[in-house]
Amino acid sequence: MERSTIVRVHEGLHARPATRFVKLAKGFESDVELIKDGKAVSAKSSVKLMLLAVKENQEVTVRANGADAIEALEALIGYLENPRAGLDDEAEAQSPANDAGQEAAPAPGSVPAAPGGANRLRGVAASEGFAVGPAFAHFPPDIAGQGRMLRAEEIKGEIDRFRTAVGAVQARMDHALAQDSLSAGDRGIVAALRDIAADDSLTGEAEGLIKGGNDAVSAVITAASTIAAEFSAVDDHYLNARADDVHAVGRQICLVLLGQDDVSLENIPEGAILIADDIGAWDLARAPLKRIGGVVCGHGGATSHIAIIARSHGIPAVLGLGDQVNALRTARDVALDGNAGHVIIDPDEATRADFAGRIEAAAKERAGLTVFKTVTPKLADGRIIEVAANIGSLEEIEAAQEAGAMGIGLFRTELLFMRHMHLPSEDMQAETYAALAKAFAPYPVIVRTLDIGGDKPIAGIEFPDEENPFLGWRGIRMCLDRPDIFKRQLRALLRAAVHGNIKVMLPMVSDISEVRQTRVLVDECTAELKAEGVPHASFDLGVMIETPAAVLIAPALAKEVAFFSIGTNDLTQYIMAADRLNPTVAKLNDVTNPAVMSAIEMTAKAGVAAGIMVGMCGEAAGRPDLIATFVKMGLTELSMSPASIQRAKKAIMAMAAEG
Ligand code: PEP
Ligand code: MG
């Protein structure tokens, strides 16, 4: 018995929808197949389903054979046509394994480089701080099979050994998923791997090879390579990346078979510096981060997964050393300067003393600042200054809370778009924004709509070649031209607003019509959600003030929006006509230049006169030397990287004390 339909699952049967579909299918006794373009696969294998690469709006057929075939067809066709109906409450994991990372939090470069002489290597400063500790070299060997053919009487035992190993790997992953300590992002990574380990595509392929006389390790290596090659061959970036997941799971099974407990990052000594060429998603998710003194990698950069994790756990990191990392394989001790991006092999006494001084000074400063974590900075006139955090992923929530953030003043959503191989779905976005809102309620969470341009292209949006991407099709300009993308984000934000204090701000605004057009889209989205019966709530709409045009029309803009947030990073480059990425004009790119300061003041005046909140979310908001000036101009919200929050609160309190 079979029925055909058009798939309405947004973005097709990718990882999580495939898992859901399989879960539904497994609930029926019948054999169930999904057929596309004449190719039929079992609907009870998520790997096979993913490899069928079913996309939204494609026609497929579901075929069921068995006692409950009618019910199976009904449920599965129902899911394909209306994937939201009948979902269980299972929290959807958000980050597929191998998602690449994250926010570039530029480490402060103001600290002079530490000494170190000839043993010094230079990499990317990926997470600020200093560390000296024993080197913990983590270069897992390549796994090789025994390459011998089994005798017939050995085969059954080898299959049993293989099944036990698969069970152990699944149990280990289930155990990891049960830990409360796993962050949402890490949970998604492990869940995606567990799905592959639990799927009989990999295990079935390997068992077939063992039955043919291959030893289990060789069989797993070959099976993983075969399935990974199938993922690599699909014309879909997202599915291509699943090839790495298959290899990662295969590696885990092999290690159990070989009796080697993987990579043993668990045994890393207290305070050690982890040295690796690269660190896999699975290893990273399980590493005892509290014990790690520092991280040095050949791969990666300020935007890689390891960088974001290091920053959110306060671990100094230098990444992107390339082949130089091999020089560290035999190091006994390592000193690392995460501010300057330096690594020193076997530091001498003078270097150790220098680092000890830096570490002590940094710790002293941090300890002295912790009293400000719970402080609500208030001025002599009773006005509260909100000190909020700039973040770009859910992984950073904890660091922001730990620092004492009074909400989120800037959630950079482009990172959510960049870390995925395809445009994030409305559901996924709604869950992400809702998680933020819940984490900081009743404080506000200001989500910035997609601010992306030709300088930072993302999969799923075609950008034209532009001579000057910073003056081109970016931010609100691109979003208004692509309502399909923009409305998906606005709908997700309206849905998330039910869960807390969501505010929304538009980047790169230079004309009042951009705000008005956005409002029309917000109204459209609201009406759609209402008609669909989807819970939603309204949000305050604000704008970033980061173009000279926005400053000059600030009085008019202030009448149309609920708040301003001054983006000094872009405002400085546009006011000074000095590219923020070009070191040759770095001197001009100075927020304290009177031209920029007067633009900030004009903005504050316009906002205060209209009675709306004026905040700042550019890097300058966290500068203790400028905070008093901004507050005196009338700013009541300052948003910055979590590491600057306590220092900023201290500066405001000192100002209040002066009266
Ligand atoms: C800014 O321009 O000041 C800002 C906060 O936005 P971004 O740095 O993301 O451009
Ligand atoms: Mg900006």
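None of the values given here were measured: they were computed from a predicted structure.
Distance CD1/Ile268 to NE2/His138: 9.0 Å, rounded to 0.5 Å. Once rounded to the nearest 0.5 Å, the distance linking CZ of Phe563 with CG of Leu541 reads 7.0 Å. Summarising the geometry, atom OG1 belonging to Thr432 is positioned 5.0 Å from atom CE belonging to Met428; distances are rounded to the nearest 0.5 Å. Taken to the nearest 0.5 Å, the CG atom of Asp427 stands 10.0 Å off from the CZ atom of Arg488. Here CZ of Phe411 is found 13.0 Å from CD1 of Ile446. Values are rounded to the nearest 0.5 Å. To the nearest 0.5 Å, atoms CD1 (Ile344) and CG (Leu336) are separated by 9.0 Å.
Not one N or O on the side chain of Arg491 forms a donor-acceptor pair closer than 3.5 Å with the backbone of Ala430. With Thr413 contributing its side chain and Arg448 its backbone, the two residues share a donor-acceptor pair below 3.5 Å. When atom types are taken as modelled, the side chain of Glu128 and the backbone of Asn339 share no donor-acceptor pair closer than 3.5 angstrom. Of the possible donor and acceptor atoms, one in the side chain of Asn390 sits under 3.5 Å from a partner among the backbone N and O of Cys617. A distance-only check finds no donor-acceptor pair linking the side chain of Ser565 to the backbone of Met544 [under 3.5 Å]. For Asn569 (side chain) and Glu619 (main-chain N/O), a donor-acceptor pair under 3.5 Å exists by modelled atom type. Side chain of Glu637 to main chain of Met613: no donor-acceptor pair is present (N/O by atom type, distance under 3.5 Å, no hydrogens or angles). In this structure, Ser510 contributes its side chain and Ala550 its backbone to no donor-acceptor pair below 3.5 Å. Under a 3.5 Å cut-off, the side chain of Gln401 and the backbone N or O of Ala439 do form a donor-acceptor pair. For Thr572 (side chain) and Asn589 (main-chain N/O), no donor-acceptor pair under 3.5 Å exists by modelled atom type.
For Tyr443 and Glu386, the side-chain atoms include no donor-acceptor pair closer than 3.5 Å. A donor-acceptor contact closer than 3.5 angstrom links the side chains of Ser393 and Glu396.
The two residues Ile652 and Pro377 have their closest heavy-atom pair at CG2-CB, 3.6 Å. Between Ala403 and Pro642, the shortest heavy-atom distance links the atoms CB-O, 3.4 Å. Here the closest heavy-atom approach between residue Ala656 and residue Leu379 is recorded as CB-CA, 4.0 Å. Closest approach of Met508 and Glu546 over heavy atoms only: N-OE2, 2.8 Å. Contact detail for Gly293 and Pro316: the closest heavy-atom pair is O-CD, 3.3 Å. Pairing each heavy atom of Pro134 with each of Asp333, the nearest pair is CA-OD1, 3.4 Å.
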Exercise for review: Assess whether side-chain contact (heavy atoms from CB on, under 4.5 Å) is satisfied between Gln489 and Ile485, documenting all intermediate values.
Suggested key: CA-CA 7 Å; Gln489 184 167 42; Ile485 296 168; over 6 Å; no
Review point. How far apart are the C-alpha atoms of Thr592 and Val596, what are their side-chain angles, what is the distance that settles it, and do they pass the side-chain contact (heavy atoms from CB on, under 4.5 Å) test?
Key: CA-CA 7 Å; Thr592 64; Val596 186; over 6 Å; no
Practice item. Please step through side-chain contact (heavy atoms from CB on, under 4.5 Å) for the pair Val614 and Ile545, ending with a clear verdict. Key: CA-CA 10 Å; Val614 183; Ile545 301 290; over 6 Å; no
**Study point:** Intermediate values then yes/no, side-chain contact (heavy atoms from CB on, under 4.5 Å), Met505 and Val543
**Key:** CA-CA 5 Å; Met505 74 179 167; Val543 287; 6.0 Å; no
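A salt bridge links Arg495 with Glu426; the closest basic N to acidic carboxylate O contact falls under 4.0 Å. A salt bridge does not link Glu270 with Lys290: none of the charged nitrogens is closer than 4.0 Å to a carboxylate oxygen.
Asp540 meets the salt bridge (charged side-chain N to carboxylate O under 4.0 Å, His left out) test with Lys503; sequence neighbours excluded. Residues that satisfy the salt bridge (charged side-chain N to carboxylate O under 4.0 Å, His left out) test with Glu360, not counting sequence neighbours, are absent from this structure.
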